[in-house]
Structure formats: structure tokens, C-alpha cells
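I have placed the structure first, in the form of C-alpha cells, so that the comments after it can refer back to it.
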Amino acid sequence: MVIESLFYFSLAVLQALEDGLKKADADPSVKAVMICGENGKFSAGADIRGFSAPQSHPGIGLAPIVSLIESSEKPVVAAIEGVALGGGLEVALGCHYRVAHVKARMGLPEVTIGLLPGAEGTQRLPRLIGVPAALDMITTGKHIPATEALKLGLVDEIAEENTIEAAIRLANKVIGQPLAPRRLSLKPVPTLPNMEAFLREALVKVKKQARGCLAPELCVQAVRAASERPFAEGLRRERELFRLLLSSGQARALQYAFFAERAVRRWATPAGASWSSANAQPVRSAAVIGLGTMGRGIVTSLVKANIPVVALEQDLENLKKGRKAVMLLLEREAMKMEGGAQRLDFHNPARLQFTVDFDLLRDVDLVIEAVFENMALKKEIFHKLSKICKPGALLCTNTSALNINEIASATSRPQQVIGTHFFSPAHVMRLLEIIYGSHTSPSAIATAMQLAKALNKIGVVVGNCFGFVGNRMMFPYVQQAVFLLEEGSRPEAVDEVLEDFGFKIGPFRMSDLAGLDVGWRSRQGQGLTGPSLPAGTPARQRHGQRYSPLPDLLCEHGRFGQKTGHGWYLYEKAGGRTATPDPWLHNFLARYRDTHGIKARAIDQEEILERCLFALINEGFAILAEGIASGPEHLDVIYINGYGWPRHRGGPMFYASTVGLPRVLAKLEQYSEVHPDVPGLRPNAFLRKLVAVGSPPLQEWMSYVSWQSPKL
Ligand SMILES: CCCCCCCCCCCCC[C@H](O)CC(=O)SCCNC(=O)CCNC(=O)[C@H](O)C(C)(C)COP(=O)(O)OP(=O)(O)OC[C@H]1O[C@@H](n2cnc3c(N)ncnc32)[C@H](O)[C@@H]1OP(=O)(O)O
């Protein structure tokens, strides 16, 4: 007998499973049962949306179904195609046998949505594959391929072709064999000589990695229960921990992030272009111009996506350096992929070619310019590309702040020019900010989004403004961090507060890592510092607003961060990575305050957190009001995937909604009153409007935006 289940579990699917199993058990002509999914997919587990209404969640009925399957007196075989994830894998664990298609993937990703496997998975998996492997799967949520599942003993057989037929064959073979040894609930958890020490270390490890995220820690506790308690007691513990997570708030934030990352695929612009009507052009070949840090990562990313690449440098010396670095990156990537289904083909010149000859760009479908941030240079390159490239080619510029329209103006085809802001290291970071200019065509946007998908990145479409979304929101955040130093704080104090909040790295450590000279050059270009600054400009004021020259002064002292061995911190050597608080800097700050007549005051953690975060969020409201991004999810996805914002806090705009908009507004008003010369602290009109209309849920915010003069 065959029971079919759907992609993710609804009440109807669970009912069908229960009915089918009971019918099969009662029918003497049925000798075995096979459970499979529809359309080549076993199951992606419980419906995640349902967890926001837990009382009526169909998942509640899942554990009893898993028990029912296991207790069947007839062998039950799972035929796993596509994915068996979460509750889907838990159902398969209830089956007596599992057959997986060679391309299937399995996992317990509940931890990534702030939960733990709540349908008995934390108790059955360790019994099947042992504590270390189970713990790894449950605490990371990773998807494992069928071949690995076979090695672990998670599946009994792999089918190269027809999984259903293979499962039926296996079912026929095992009819009449005893089922007790196949019931995982009856098996003991395999012991380890050092189980206690192993679990203790695992807990320390996940706590360190998770930085305030609860789910991984509770996953370890659930697996510990499996190793220490009888099955039934372990189940009680699993349920208790699951409930705790469900009510933690982190689960809501992580599930919001899951759907936000999918929602941003449905992009739209205020001018009416959208994902639903725009057609992407195929990208069969690409070129990358500039083999600096960004270019190298982008080439690697394209090769990994199996797109043939022409890599171009301005001269042979830089080409040689770039080629060596790219090859090293690719060797490392190839090593990571060893044993997997895909192989990297980068020694073949038809797949990866290095050149100094612009003419070789003639036939490519897409060019990504990744030279350094210099408008004149970028315009020169785009002018050249406009002459050389074939008519349909998409022309992308990798920039973190420059004006896309100005770059496009150097070409005769501005409709094909688009910004693609990669994040470093470009072959690792998942975010791709995609910036359209005034003339960028919908098809160009769709093609860039398609490219993001091919590169396994999350593309987020945004409008053109200085710093786009990510860096524009970052400016007021970093500005507040520096102002706090002027007022009496220290880099390590500010970093600690933001890292305790969950940021991977605080603003000063980040600045040291990225290099202070990057921002310095940009500020020089804007005339905020350096030789073009008009004589007589007050040291701490620009255009009537508060300005801190501290970062400029550090650069003038040659303190560029890690690369020079000192910046906001001291490092063991130039290029060192271990930051220690620097007495020189503390003295320097004290002298600076004396020079400018600033009386240092004690600044508490709350003020540090609120001034940095609320200034960033305030800019987010400005971005939404201007139509630069089409929804708060876009901002949140950018921050989670590109700026180290803690995922379990759902992104800055989601965080604002959990703090409460009236509180964010009141605090900004309070800080703005004390610092009237800081526009970043002045509450944005859109935030005010949302509070005035009663702080609607985040999903409704955009209905209150009125785009009178979209900047697009
Ligand atoms: C107070 C009382 C409380 C009592 C409670 C106590 C008892 C509770 C018992 C609980 C039982 C728990 C059971 C189980 O342990 C929990 C779970 O199973 S949680 C779900 C786990 N599964 C996942 O996390 C998988 C998530 N999905 C994915 O990773 C991917 O979607 C995919 C399956 C790998 C497919 O990837 P893609 O091919 O890229 O496709 P998309 O990602 O774009 O997805 C397509 C489409 O489907 C939507 N979707 C996918 N999975 C789910 C899902 N599980 N639930 C809801 N929706 C899902 C996705 O959003 C896309 O939608 P679209 O954007 O197209 O609208």
C-alpha cells in the first residue's frame, strides 16, 4: 500500500496519513506500507507559518502519527525524494526502513527557525546514528546529501533511479521479518566512553557560536535527555524544551527571517517594474574587471556557479597577482567540495580565462566591474564597455556607495547598467545588493536577480542613493559609535555592548578589519576632510552638523586598523587579528576631549545600544519613506546577510517592531533633544506617522508610505 504525503504538513495531510495507516493495518491483504511524497518531494516538515498560532498548529498531531507509523505491525518504508526535512525526516524516522534517491537531501533544520525537532526527532535520531552525528545535524540544521546519510546509517538504501520502485522492492523483501529491531524508540542510544564530557563540550561550543541564540543550546539539552533518559521521558523533555523555544520570541524572529528572505525575491520598483512581469536574460558567460579582493571573490563565485569567466586586469603584473590569488581561492573551494556531486572545472581556459585584453569581453553576456571606488575610473571603464560589449550584455558595477546613474551616463545604454554590491569575501557572503538606476530596465533587474540565485546568493533590489540601503543605514550607526567615544566611552565598551546584543563584530573591530583608510578616502572625496576642506572649517562641524574628526585623526597617525597593526585597537603585528585595548588610544581620546573642551561622562550600556541601533533604524524609516526599498523585509534581509545583524533578532526593522515604535520614537526624541546638531537622531517623519496611526504591524507599514517624489 502506498500513502502519499504533501510538501509540508497540514491537518489534511496528517489525517490522510493516519487514515491510510489504520486502513493498511486493518486490511489483511496489505503486507507492507510505503510512504512517499508528491511531485518528487518527500516533505519539508511542518508548516512554519502555523507556529505563530501554536494552539491550532497541525504539528501537534505529528508526533502521534510518527508513533503510529513506528508501531505498525506491517513494515513501513519511507521513499525519500527531493527533501525530507524537519517533521518530514521525523516521519521517515518513524518508518522501519528508509530508501532515498541519490539526489535527496535530509536534515532537521528546526534550529534555524528557533525551534528543535518536536516530533520525537531529538530522541530517535541519536538512537539511529549516535549522539555526535545526531547532535551535529540537530544543532546546525544542515541538509545532508543521501550519500552521506547512507554512510551515517540514516537511510538503508540509495536509489539511483526510481526510488518508489526501490522502496517497494525493499518492502517486499522484508515482509515477515521481525520489526522490533527496526523500531528506533526501542533501541538504546549508542554509548560513548566520554559522553558527559562530549555533551559538556558541545554545549560550550554552541553557546560560543550562537551568541545569545537559544535554540542550539536547547537542542543539546534535548539530545542529552535522549542519552540519559528512557525514550518516554526524553520525549517529555523534548516537548518541554520545544514549548520554551516556541514562546521565546527568537523563534518568531527567525521564522520572520525565513519568510523575509523569500519575500525579497518578489521585487518591485515604485515605477511599476516587478518580478512578475520582467524577464531575465540568460547568463551563459561573464567577465570580471579588476582582480583585487572583491574581483577575486566574484570570479570564484562565478566559477563555482559553473559560469565561464573572463577575468581582466589592467596590466600583466596585476594579472599575475590576481590569477595566483584566484587559483588559491578556487583550490580551497575545490577541497571543500571534494566528495560532493559537483566538481570545479577551473583549469580549463574555456571556463576561466585571464587577460589584459578588453576585446575578449566582446561576446560575454554580463560584465562585473570590480575596480576600486573611483568614479572617474569607473566611468572610463563603462565608456569602454559600452563600445566593446555586445548589444544585450548586462553591465554591472560592484560599488558600495557610488551613483549608478552617473556611471550609466558614461555609456550609450544606461538601461543595461546596474549596481551589484557584493560583500567581502564575495565568494562566501550571501548578500547581493542590486541597485537600479533611473534608466535600468526591468529585464536588467530580473537578470541580476537571476544571477544572485545562480551564485547561491540572496539578491535584494534597492534604489539608487548614497550608500544604497546597507551602508546608508550603517553611516549613522558608526557615527553614533564615534560620538560616544568623544563623549567619554571607549571602543571596547561600545563593541562589547553591540556584540552582546548579537552582532558578530562591533563597529570598531569592524572598522579595523575593513581598514580605516577606506572611509578616509571617501570622506576626502566628499570634501569632509583633507586638503579640499575649506580653511576655517570648525574641527567638529560640517555643513552645520556635528562631525567627528576622530577617524581622520587616526588615519593621519597611520592607524588604518589590522593592516597597520593598530587602529581603534592594538594588534600583535601588522596584519594581526587579536585586538587588545590600546592605552595610546585612551590617552589620545583624553587629549582630544581636553583640546575640544569635552567633559567625559560615564555612558551606560543602554545609551550605547539605543543611540547606535535607533539611529540605524531611523535611517531605515527614511529609506522606506523614499521608496529606496520596497519593504522593511528588504532592510532586514540586507542586515542579517551582509552586516552581521543577529538573525535571532530578525533584522533592525523587525527589532524596532518588537521594541515598539512608540518607544523607538520617544528615545530618539530624547537623544535628539540633547544632540540637536545630529540629524541622524531626529525622528524620521515616517516613523512619526506610523506611531500616529497606532503602530501597525510591520507587514502593513508600506501601506502608509506616500511616494510623492520617488528618487528613482
Ligand atoms: C501552546 C501549545 C504548543 C504546543 C506545541 C507542542 C507540540 C508541537 C509539535 C511540533 C511538531 C514539530 C514538527 C517539526 O519538528 C517542526 C518542523 O517541521 S518545522 C519545519 C522544518 N522545515 C524547514 O525548516 C524547511 C524549510 N524549507 C526549506 O528549507 C526550503 O523551502 C526547501 C524545502 C529546502 C525548498 O527550498 P527551495 O526549493 O529553494 O524553495 P523555497 O524555499 O522557495 O520554498 C518554496 C515555498 O515553500 C515555502 N515553504 C517551504 N517550506 C515550508 C514550510 N516548512 N512551511 C511553510 N512554507 C514552506 C516557502 O516559503 C516558499 O514559499 P513562497 O515564497 O513561494 O511563498
Side-chain angles (χ1 to χ4, degrees), residues 267-275 278 280-281 287 289-290 294 298 366-389 391-423 431-449 451-452 459-475 521-523 525-528 619 622-630 634-635 638 642 705 707-712:
W267 59 270
T269 71
S274 97
W275 66 281
Q281 301 298 313
I289 303 179
M294 293 311 292
I298 297 169
L366 168 144
V367 180
I368 303 172
E369 163 277 306
V371 303
F372 59 89
E373 295 280 55
N374 178 304
M375 180 57 88
L377 176 62
K378 287 195 188 254
K379 282 171 86 170
E380 187 188 318
I381 290 172
F382 272 76
H383 182 66
K384 230 173 181 173
L385 290 175
S386 169
K387 287 190 167 160
I388 289 173
C389 290
L394 184 67
L395 308 181
C396 310
T397 171
N398 176 57
T399 169
S400 58
L402 296 181
N403 189 333
I404 305 302
N405 289 338
E406 192 175 342
I407 296 171
S409 72
T411 73
S412 56
R413 40 172 123 165
Q415 72 283 2
Q416 279 154 247
V417 177
I418 195 160
T420 44
H421 178 196
F422 287 81
F423 289 72
L431 180 65
L432 183 63
E433 213 178 8
I434 294 172
I435 310 103
Y436 56 91
S438 310
H439 301 286
T440 308
S441 71
S443 161
I445 302 176
T447 308
M449 280 298 274
L451 174 74
V460 185
V461 174
V462 302
N464 183 29
C465 62
F466 187 70
F468 317 128
V469 165
N471 284 344
R472 177 168 160 185
M473 288 169 75
M474 183 63 27
F475 297 141
R521 243 180 292 146
S522 162
R523 289 189 298 277
Q526 294 169 63
L528 294 169
E619 195 63 40
I623 285 170
L624 293 178
E626 289 170 24
I628 293 294
S630 52
H634 291 59
L635 278 47
I638 287 175
V705 171
W707 284 314
Q708 262 133 37
S709 55
K711 289 192 175 176
L712 305 165

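Everything numeric in this text was worked out from a predicted model, so none of it was measured.
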Are [X] and [Y] side-chain neighbours, meaning at least one heavy-atom pair lies under 4.5 Å?
| X | Y | value |
| --- | --- | --- |
| L366 | C396 | yes |
| I638 | V462 | yes |
| M473 | V469 | yes |
| N403 | F466 | no |
| L432 | I434 | yes |
| L385 | T411 | no |
| F468 | I628 | no |
| E433 | F423 | yes |

Query raised in the report: Does the distance from a Lys or Arg side-chain N to an Asp or Glu carboxylate O, for R521 and E373, drop under 4.0 Å?
Result: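 No, no charged N to carboxylate O under 4.0 Å.
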Query - Basic-acidic side-chain contact under 4.0 Å: K384, E369 - result: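 Judged by the 4.0 Å cut-off on N to carboxylate O distance, K384 and E369 do not form a salt bridge.
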Donor-acceptor under 3.5 Å ([X] side chain, [Y] main chain):
| X | Y | result |
| --- | --- | --- |
| S386 | F382 | no |
| N471 | A401 | no |
| Q416 | P391 | yes |
| Q415 | H439 | no |
| S443 | A278 | no |

Return the minimal non-hydrogen interatomic distance between [X] and [Y], and the atom names on each side.
| X | Y | value |
| --- | --- | --- |
| K379 | A410 | O-CB, 3.4 Å |
| L394 | A448 | CD2-N, 4.2 Å |
| K378 | F372 | CE-O, 3.6 Å |
| W267 | A446 | CZ2-N, 3.9 Å |
| S400 | H421 | CB-NE2, 3.3 Å |
| A408 | P414 | CB-CB, 3.8 Å |

Just verifying a value: how many Å separate [X] [atom1] and [Y] [atom2], rounded to the nearest 0.5 Å?
| X | Y | atom1 | atom2 | value |
| --- | --- | --- | --- | --- |
| R413 | T440 | CZ | OG1 | 13.5 Å |
| L451 | M449 | CG | CE | 10.5 Å |
| S522 | N374 | OG | CG | 11.5 Å |

Query - Worked verdict on C389 versus V367 for side-chain contact (heavy atoms from CB on, under 4.5 Å) - result: CA-CA 9 Å; C389 290; V367 180; 3.8 Å; yes
**Report entry** Test applied, side chain to side chain contact (heavy atoms under 4.5 Å, CB included); reference residue, T397; option that passes from I407, I418, I435
**Finding:**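 Filter result, single survivor: I407.
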Report task. In sequence, state the C-alpha distance, the side-chain angles, and the governing distance for V461 and W275, and then conclude on side-chain contact (heavy atoms from CB on, under 4.5 Å). Result -> CA-CA 10 Å; V461 174; W275 66 281; over 6 Å; no
Report task. Decide yes or no on side-chain hydrogen bond (donor to acceptor under 3.5 Å, both in side chains) for T420 and N398, but give the supporting numbers first. Result -> CA-CA 5 Å; T420 44; N398 176 57; 5.2 Å; no
Query raised in the report: Please walk me through it: do N464 and S438 pass side-chain contact (heavy atoms from CB on, under 4.5 Å)?
Result: CA-CA 8 Å; N464 183 29; S438 310; 5.7 Å; no
